[in-house]
Amino acid sequence: WEFKSHGFSSPDEEERERYLYGGDFGDKPNDNNFCVDGLVNPDRKSRSGVMEVKKAYEPVKAVGIKLEKGRIAVKNLRFFANLDDVTASYVISENGRPVYCGELGSLAGIEPWKARYFDIPYTTKKVTGNTEYHLTVNFVLNRDTWYAKKGHLISFTQLELPVERVEAAKPVRKYAPLSVSEAERSVKVSGGDFSYTFSLDNGLPSGICFNGDELLDSPFRFNITRAYTDNDNHDRFVWERNYVRYTSSRLARFALFEAKPDAVSFVASYVIGPFVMRPFMKVDAVWTVTADGELSCEQKVTRLDAEKELCWPRFGFEVMLRSGLEKVTWYGRGPLESYADNYHAAGVGIYSSTVTDLTEHYIKPQENGSHANTRWATLCDRRGLGLAVVGAPEFSFSAHHYTTEDFMNAKHDHELVARKEVCLNIDLRQQGIGTNSCGPYTHEKYRFSDDSFSFDFKLRPFFAEDSDPEEFWK
């Protein structure tokens, strides 16, 4: 029952595939979309959940023993069979880029629930900035089996390797001085080839211009809601009771804090809550534009008069970017979607995709396509001109041709109408996905129930041929 969704195929007038579920036939009573909760679609096309289950069921894994000296153990998790049919190899990556690879060879002779030690050629390195190293051990079949061919990846383990961080002087470069100008309801900070515009109505960025090209289609706005998932049963009632879906921000203060040739800072305070109701969240922020073209945002968030049972669906911003920024590259978890409690099959690396392909099309639209633990992400057009989002140190993001509200309003995937623009969500994190469609509530450590927290990130428009986003993060 949980392997395959049981929706009914019903092509539309143009013979496009669509799936229907309980209630679509006038049937009463019905279980709504509870019959389409499988790991694969009715046509057996897999979804990201399949890979998460595969990772949970892995028959072999690597464990760090003395990672500072490169020692690991490979453990057989099978109950009855040895690992004679498995071969292992490894890759060491620096900030997502492979720098060394090797073979562990055959794992023959490792009996059920036994382990074997291996030494990887790695010793703790001295690094500067945010440089990090990961060890990825891949386990593949070394022969054909009844379920897969030789070379099939049956599991992988990724371990973060220890480093010693040292201070290093940053190069000093000269840029054109910044200028500040004010219009009727906005203030603009301009540099050599860029400008940032802030709305004086809501205190948020309303324009990012680079080389004469405006990147925003509409202004930034706070977003703390998400399209309800099938597992949001408990939270959904709390969110609806508190009208979380209808929250908006109200500007309490926006003022110029400091204006220098190389940096301009604004301080802002916002309250967030439903219309005509007491706000349940306060945000104090500092927005700083520097002469190198970077906009940094530092936020301190405090819970106000909100019931204790209220967990935040997410915290971040939703912004519409202009059409054409279709190519997405990021350093973080991927290529699958990932969340606080649903990330094990998404290893840390550098990935590329398109906005179109980042959407996970569930039969009943819901939250999807987010990427947790992202260090940096870029969205570019065909020329390589685009926007970089940089973590301080990490964030979560999603990019779609649909807004959160689009996903909320559609009852079936085929009802979604793609926009030309790109809807970018920049989040600190989200409430865990959990299992509360018919199981326990989200585990406490994955609930987003903090009374106070901080969220910092940076933005920078750039040309791909001139800049490496890794340098923005480091």
Any donor-acceptor pair under 3.5 Å linking the side chain of D413 with the backbone of I363?
no

Got more than 12 heavy atoms from elsewhere within 6.0 Å of CZ, F257?
no

If only side-chain N and O atoms count, and only distance matters, is there a donor-acceptor pair under 3.5 Å linking T229 with Q366?
no

In terms of heavy-atom contacts, does CD of E167 have more than 12 from other residues, nucleotides or ligands at under 6.0 Å?
no

For the residue pair F472 and W376, is the inter-centroid distance of their aromatic rings smaller than 6.0 Å?
no

Of S370, S48, S398, the residue whose pairing with E337 passes side chain to side chain donor-acceptor pair (under 3.5 Å)
S48

Interatomic distance, E318 atom CD to T404 atom OG1 [nearest 0.5 angstrom]
4.0 Å

Would you say E307 and N242 are linked by a side-chain donor-acceptor pair, where the criterion is simply a distance under 3.5 Å?
yes

Taking the ring centre of each residue, are Y228 and F407 less than 6.0 Å apart?
no

Will you find, in the side chains of S352 and T329, an N or O donor that is under 3.5 Å from an N or O acceptor?
yes

Between T288 (side chain) and S265 (backbone), is there a donor-acceptor pair under 3.5 Å?
no

Centroid-to-centroid, Y19 to Y21, below 6.0 Å?
no

Verify the neighbour count for atom NZ of K55: are there more than 12 heavy atoms of other residues, nucleotides or ligands below 6.0 Å?
yes

Minimum side-chain heavy-atom gap K126-R165 below 4.5 Å:
no

Please check this pair: side chain of D232 against backbone of D235, looking for a donor-acceptor N/O pair closer than 3.5 Å.
no

ring-ring contact (aromatic ring centres under 6.0 Å, His included): pairs with one or both residues in residues 332-360, sequence neighbours excluded:
W330-Y351

Main chain of E421, side chain of H401: is a donor-acceptor contact present, judged purely on distance under 3.5 Å?
yes

D230 and S437: side chain donor to acceptor below 3.5 Å
no

Would K61 count as a cation-pi partner of F156, with NZ or CZ less than 6.0 Å from the six-membered ring centre and within 45° of the ring normal?
no

Hey, would you say the F280 and W312 ring centroids sit under 6.0 Å apart?
yes

Below 6.0 angstrom between ring centroids: does that apply to F210 and F462?
no

Check whether any side-chain N or O of N223 sits under 3.5 Å from a backbone N or O of G316 as a donor-acceptor pair, and report yes or no.
no

Just jot down the ring-ring contact (aromatic ring centres under 6.0 Å, His included) partners of F254, sequence neighbours excluded, or say none.
F198, F266

Cation-pi check for Y402 against R419: NZ or CZ below 6.0 Å from the six-membered ring centre and within 45 degrees of the axis, yes or no?
no

Minimal non-hydrogen separation, G386 against L215, with atom names
O-CD1, 3.8 Å

Answer yes or no: are there more than 12 heavy-atom neighbours, outside E444 itself, under 6.0 Å from its atom CD?
no

Distance from D284 atom CG to Y270 atom OH, nearest 0.5 Å?
9.5 Å

H400 side chain to T359 side chain, donor-acceptor N/O pair below 3.5 angstrom
yes

K411, NZ atom: more than 12 neighbouring heavy atoms under 6.0 Å:
no

D292 and T290 side chains, donor-acceptor separation under 3.5 Å
yes

Any donor-acceptor pair under 3.5 Å linking the side chain of D450 with the backbone of F453?
no

